[in-house]
Amino acid sequence: MKTLAKQVQDIKKRVYISDLIYNAEIPFTPVIGKIYFLYERSNQTRFLSLISPTEWGDKLKAITFIAEIRLNADHTWKIIQSTVEFSA
């Protein structure tokens, strides 16, 4: 029963994260298996980028890195690393 409960929680978390990302600005068409970066502006809007935090330079001061993510084949997202804890 614990295994089933954990699977349900994992699915809820994946759906929550996917919803969060799909509600962000995505100025390109994401490709399955590729890595992207989720950021948040000071006005609380989120956007997906191809540019990693190390590539931003001084411009990163105006935005906050949230997560490095990969698009799965089922169009949910896998969190590779994150600066926040995601929960459903």
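These numbers come from the heavy atoms of this one structure, side chains and all, not from hydrogens, waters or symmetry mates. Sequence positions, counted from 1, serve as the residue numbers for this chain.
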Checklist entry - Could you give the distance from CD1 (Ile63) to CD (Glu40), rounded to the nearest 0.5 Å? => result 10.5 Å
Checklist entry - Taking all atoms of both residues into account, what is the closest heavy-atom pair of Tyr22 and Leu71, and its distance? => result OH-CD1, 3.5 Å
Checklist entry - Are the side chain of Asp74 and the backbone N or O of Thr76 linked by a donor-acceptor pair below 3.5 Å? => result yes
Checklist entry - Listed by chain and number, what are the ring-ring contact (aromatic ring centres under 6.0 Å, His included) partners of Tyr39, not counting sequence neighbours? => result Phe47, Trp56, Phe65
Next on the checklist: Hydrophobic cluster membership, with links at side-chain heavy-atom distances under 4.5 Å among I/L/V/M/F/W/Y: are Ile11 and Ile69 in one?
Outcome noted: no
Checklist entry - Measuring from Leu4:CG to Gln9:CD, what's the distance to the nearest 0.5 Å? => result 11.0 Å
Item to check | Taking every non-hydrogen atom, the tightest pair across Ser82 and Ile66 | outcome: OG-O, 3.1 Å
Checklist entry - Is the shortest heavy-atom distance from the side chain of Phe37 to the side chain of Ile80 under 4.5 Å? => result no
Item to check | Rounded distance (nearest 0.5 Å) linking atom CZ of Arg46 with atom CG of Leu38 | outcome: 7.0 Å
Item to check | Considering all heavy atoms, the nearest Pro27-Leu48 contact | outcome: CD-O, 3.6 Å
Checklist entry - For the atom pair CD1 (Ile17) and NZ (Lys12), what is the distance rounded to the nearest 0.5 Å? => result 14.0 Å
Checklist outcome for this item: Rounded to the nearest 0.5 Å, the OG1 atom of Thr83 sits from the CD atom of Glu68 at a distance of 11.5 Å
Next on the checklist: So which atom in Ile26 and which in Ile21 form the shortest heavy-atom distance, rounded to 0.1 Å?
Outcome noted: CD1-O, 3.7 Å
Item to check | From CZ (Arg70) to NZ (Lys78), nearest 0.5 Å | outcome: 6.5 Å
Checklist entry - Please, which pairs that meet side chain to side chain donor-acceptor pair (under 3.5 Å) have at least one residue in residues 25-34, sequence neighbours excluded? => result Glu25-Arg41
Checklist entry - For Val15, does its backbone N or O pair with a side-chain atom of Asp19 as donor and acceptor, under 3.5 Å? => result no
